[in-house]
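Below: one structure, written as structure tokens.
Nothing here was measured: the structure is a model prediction, and the numbers come from that model. Convention: sequence-line order gives letters A, B, ...; per-chain numbering from 1.
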Amino acid sequence: MNDLPLLRVRNLRKSFLSKSGIFKRRRITVYAVDGIDLDIYKGKTYALVGESGCGKSTLARLIMRLVEPTGGSISYRGKNLLSVSAKEMSAIRKSMQIIFQNPYASLDPRMSVREALAEPLKAHGLWNEDEESEKELLHLLGLVGLDEEALDRYPHQFSGGQRQRICIARALALRPEFLVCDEPLSALDLSIQAQILNLLMELQERFGFTYLFITHDLSVVRHIADRVFVMLLGKIVEAGGAEEIFDSPHHPYTHLLLSAVPVLDPRARGRSRLLPVGEIPSPLEIPPGCRFQTRCPFVKDLCKVEEPLLDGNVHAVACHFPLNQKRRTASKRNE
Amino acid sequence: MAGKGRNCVPRALRQKVRAGLWQETISRFGENSMAMVGFYVIAAVAIVAIFAPLISFHDPYEINLRQRLLLPSGAHILGTDAFGRDMLSRIIYGARISLLVGLIPSFISIGIGSAVGVTSGYLGGKIDFILMRVADIVIAFPSLLLAMVIMYTLGAGLSNIFIALSFVGWAEAARVVRSQVLSLREQGFVEAAKAMGVRRRAIMARHIFPNCLPSLVVLFTLKVPEFILAEASLSFLGVGAQPPVPSWGLLVSQGKEFIFSAPWVVAFPGGAIFLVALAFNFVGDGLREALDPYLKR
């Protein structure tokens, strides 16, 4: 691991103003992303997990500069993305791409595959109307396992999995080094999920991509991720190597997420599962103290007063009373 | 079950064919018989308008006071008007004016309206606010009154009718386009284009505007009969086409004195207006249906 991270995020925040009341006089600031630090090194796969609405996708959009952050900094190869010129940003865009959750929405229904794949090339002045460019399109299709026939067809003529392949091909057109995958599998069937996942892994092996994989599917994470970030209501509550997190989660929330993963083993039936208590707090009214207090089975008085900070270097956790025991059921499952 | 299976097979086969989006839409349109009837009526009127000198037996301007207000007969199939002019020929020549009055202001108003709508919807903020308030003012005005004011100011005449109707019509088109843009702007593919580094203007031109086209096509077919009727109203009120030009509205206007003594003088041009307006409405409905299933998919 060399010392300079590819992407460094510091204290990144994004708030939305929620207005309510008849005259919209009651204004509440909602923090979708509330002070996040990330270091992403080249060639690794990072997973960002968390429940719906915890700000995962907002974080992805902030990193891709699709939404303006409220505060904090994002730097890519040492360049601060929030202050670079438009020209430099355009160059950086070439090296970081995003694959979206919904392949049904992220392709323009009025554009043929040819036009869709050519678009990023055109936007960066890499497109000439010649044989060479045409070959490039075929090459891209080949990478994702589609053939020439696809070029003149329209998105509605493809299945979800094929569309996601087209989206991936489009993201590869600019030869990026860093790919954000924002739940790329969640809109697909289970069997197709495996295909797309394998495709992404093959491409990583071939081109050395760095992935930030956003998902709520924990069973996938263990297979692909080197490092895992667990996000809860806009904050990272646990970060560590994939093995460590899966084998000994320190934060009760992580433990809860893991024990909610179904296990494909009849012998594991009746395993001791950690069950949540209480309700998810509304993001509009996050209680003082720990964000997990309303649902934590181990909640103590301190948790209701003081917010725990992310503590630790390799395996960091934001909890006053981190768990320590190994999880037994999951670790023996596949070996 | 059987019915479902039967429908599934041709669709699967059709998808193998490399059909463009518009071809698909056209084939769906062709399956709609009402819409096709409307289409044939419009096509027939267009042909008649283009070849008017070849089709009509009489000069539409030829006055023959001895043959005033004749009943429909072999010599004058639709009878004659108060000056003894052949009604059929006048209606045939009138088709030229009515079609032009329907088509040209529709093009202009939708062109202006979509430019305003796309800019307003995509950029938002102050520009949006100002443009939409201007559009509100135009819409809030009774459109016929506004058109009359413009006609009084500019003077009667065909080209001024185009100006007046375009001015009245753009605001509605702008509203329709803007509302489309507001939803398109949030679509995944627009965000994807931004992430790829596509410039704002290119996103508007390549993604936003083409996706508005289906509703613009439908809007167009609704605008055409509206403008044909508006011209008829303006002419009827005396600020549109000027006699002896045989515009359909003017024919009705001039025939109104004889509505009881010689009803055909009013009925035939009125019927022509009715027929063309209805035909455009059918086509509009058909297009909406033909374009819709694809949009929903």
Side-chain angles (χ1 to χ4, degrees), chain A residues 57 60-61 63-67 86-87 89-113 115-126 149-159 163 166-167 170-171 173-174 176 179-180 182 187, chain B residues 8 10-28 114 118 122 124-125 180-181 183-217 290-297:
Chain A
S57 289
R61 282 167 174 73
I63 292 172
M64 292 305 297
R65 299 284 287 114
L66 293 172
V67 286
K87 205 173 167 188
M89 190 61 219
S90 167
I92 293 170
R93 281 219 188 281
K94 269 164 72 177
S95 54
M96 51 197 277
Q97 282 295 311
I98 182 165
I99 296 163
F100 288 101
Q101 175 175 13
N102 187 349
Y104 292 89
S106 49
L107 290 170
D108 187 336
R110 306 202 74 82
M111 269 194 175
S112 66
V113 172
E115 292 167 305
L117 292 182
E119 185 168 38
L121 298 170
K122 281 177 184 162
H124 291 274
L126 302 169
E149 208 204 347
L151 272 184
D152 290 305
R153 288 161 65 185
Y154 285 84
H156 72 267
Q157 295 168 311
F158 293 95
S159 68
R163 287 184 198 208
I166 296 165
C167 291
R170 183 175 64 178
L174 295 170
L179 275 167
V180 177
D182 183 8
Chain B
C8 283
R11 170 147 295 170
L13 283 176
R14 229 189 297 156
Q15 289 191 353
K16 293 256 184 235
V17 184
R18 289 179 180 183
L21 289 176
W22 289 106
Q23 274 115 294
E24 253 179 67
T25 307
I26 290 166
S27 82
R28 255 200 308 273
S114 46
V118 170
Y122 195 71
Q180 283 259 298
V181 173
S183 74
L184 286 169
R185 189 170 76 161
E186 305 298 326
Q187 290 280 318
F189 57 83
V190 172
E191 200 167 38
K194 269 190 224 161
M196 286 183 288
V198 181
R199 273 164 239 283
R200 206 157 61 170
R201 204 173 299 168
I203 290 179
M204 284 197 261
R206 281 212 290 263
H207 292 286
I208 305 274
F209 181 68
N211 277 289
C212 290
L213 273 178
S215 26
L216 288 179
V217 169
L291 291 161
D292 231 21
Y294 144 71
L295 282 175
K296 275 177 187 159
R297 213 175 300 151

Out of B:Arg199, B:Gln187, B:Arg206, B:His207, return the one with the most heavy atom pairs under 4.5 angstrom to chain A.
B:His207

Contacting moiety of A:Ile98, where chain B heavy atoms sit under 4.5 Å:
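Contact with chain B: side chain only.
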
Contact part of A:Arg65 toward chain B, heavy-atom cut-off under 4.5 Å: side chain, backbone, both or neither?
neither

Could you state the interatomic distance from CG (A:Asn102) to CZ (A:Arg163), rounded to the nearest 0.5 Å?
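Separation between the atoms: 8.5 Å.
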
With rounding to the nearest 0.5 angstrom, report the CG to CD distance, B:Leu213 to B:Gln180.
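Separation between the atoms: 10.0 Å.
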
Looking at A:Ala171, A:Ala105, A:Pro103, which has the largest count of heavy-atom pairs under 4.5 Å with chain B?
A:Ala105

If we define contacts as heavy-atom pairs under 4.5 Å, which of A:Met64, A:Arg170, A:Lys94 has the most with chain B?
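Greatest number of close heavy-atom pairs with chain B: A:Arg170.
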
Given that the side chain runs from C-beta out, which part of B:Ala195 has a heavy atom under 4.5 Å from chain A: side chain, backbone, both or neither?
both

Any salt bridge linking A:Arg61 with B:Glu191? Criterion: basic side-chain nitrogen under 4.0 Å from a carboxylate oxygen.
yes

Could you check if a side-chain atom of A:Cys167 sits within less than 4.5 angstrom of a side-chain atom of A:Phe100, using non-hydrogen atoms only?
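Side-chain contact under 4.5 Å: no.
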
Does B:Arg200 count as lying over the ring of B:Tyr122, i.e. NZ or CZ under 6.0 Å from the six-ring centre, within 45 degrees of the axis?
no

